[in-house]
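All heavy atoms count here, side chains included; hydrogens, waters and symmetry mates do not. Counting starts at 1 for both ligands and their atoms, in listed order. Because the structure is predicted, anything quoted here is derived from the model rather than measured.
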Amino acid sequence: MVKIAPSLLACDCSRLGEEVKSVCDAGADYLHIDVMDGKFVNNISFGFPIISSLRDKTHIKFDVHLMIEEPIRYTERFAAAGADIITVHAEACSNIEATLASIKKCGAVPGLSVKPGTSAEDIFPYLDMCGLILVMTVEPGYGGQALIPYTLDKIKIIRRELDERRCDALLEADGGINSVNAAQVISAGADILVAGSAVFKAADRAAAISALRQA
Ligand code: DX5
Ligand code: ZN
């Protein structure tokens, strides 16, 4: 069964703690936390105090998506703040292998992400070092965008490669996923669907999560 990771980017930040509790109660499997630096992407979002202040409020796994340049500088601090999975962008690292190793060393699960314009094959050399692969289905930086259809082919290519290698890294898709297109993303091979707007903007969040899961 596919897992659902609501993205905090779409929540009401003035009620952060309640918003997290609401999606946990609604059946979320992970909490997806988008970190942006205003450089790798043209936006700035959450940092360490937000993550650490939420850590003791919930047991849900924190799936932290770093959209920052040279994330190796901060992997230890994100792990200390409470990240369970730390995902970095292949395009943002001068040394991908060292960055993934630094995440593992801190005890977090190393994740590697690709933007829509980066090919699947570019990350093949690193698949065996990863616990999670994140395929961006929109350009990173903002919530509420429409899914880019050609990114589904990349999910299929990576799915096939993971299966052929018998690599048990989870395959996550992020951006523009809703109850209408979720079935396509699942059939392309995703194990985890990130959903910001589709969950946080829904009147009934439990129904929204189960609609995505059963798509
Ligand atoms: C975009 C972020 C996504 C975003 C998803 O850069 O990585 O996680 O919050 O939001 P929706 O589901 O609204 O596209
Ligand atoms: Zn994200």
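- Near G175, with a cut-off below 4.0 Å to any heavy atom, the atoms of ligand 1 are 14 (O).
- Close contacts between ligand 1 and V194 involve ligand atoms 8 (O) [criterion: under 4.0 Å to a heavy atom].
- Close contacts of ligand 1 with S197, meaning ligand atoms under 4.0 Å from a residue heavy atom, involve 11 (P), 12 (O), 13 (O).
- If you number the atoms of ligand 1 from 1 as listed, the ones under 4.0 Å from a heavy atom of H65 come out as 7 (O).
- For ligand 1, the atoms closer than 4.0 angstrom to any heavy atom of L9 are 9 (O).
- At a cut-off of 2.8 Å, measuring from the Zn ion (ligand 2), the protein N, O or S atoms that fall short of it are H32 NE2, D34 OD1, H65 ND1, D174 OD2, waters left aside.
- Of all protein heavy atoms, the one lying nearest to atom 9 (O) of ligand 1 is S7 OG, 2.8 Å.
- Every atom of ligand 1 with a heavy atom of M136 under 4.0 Å away is listed here by number and element: 7 (O).
- With a 4.0 Å cut-off on non-hydrogen atoms, A195 touches ligand 1 through its backbone and not its side chain.
- Remark: the H65 side chain and the D63 side chain contain no N/O donor-acceptor pair separated by less than 3.5 Å.
- Exactly one of R165, R160, R159 qualifies for a side chain to side chain donor-acceptor pair (under 3.5 Å) with D163. That residue is R159.
- Short contacts between ligand 1 and H32, defined as distances under 4.0 Å to a heavy atom of the residue, involve ligand atoms 8 (O).
- Within 6.0 Å of CG in D12 there are more than 12 heavy atoms belonging to other residues, nucleotides or ligands.
- Taking each of G176, P140, G143 in turn, the one with a heavy atom nearest to atom 14 (O) of ligand 1 proves to be G176.
- Between V138 and ligand 1 there is no heavy-atom distance shorter than 4.0 Å.
- Proximity to G141 (heavy-atom distance under 4.0 Å) selects the following atoms of ligand 1: 1 (C), 6 (O).
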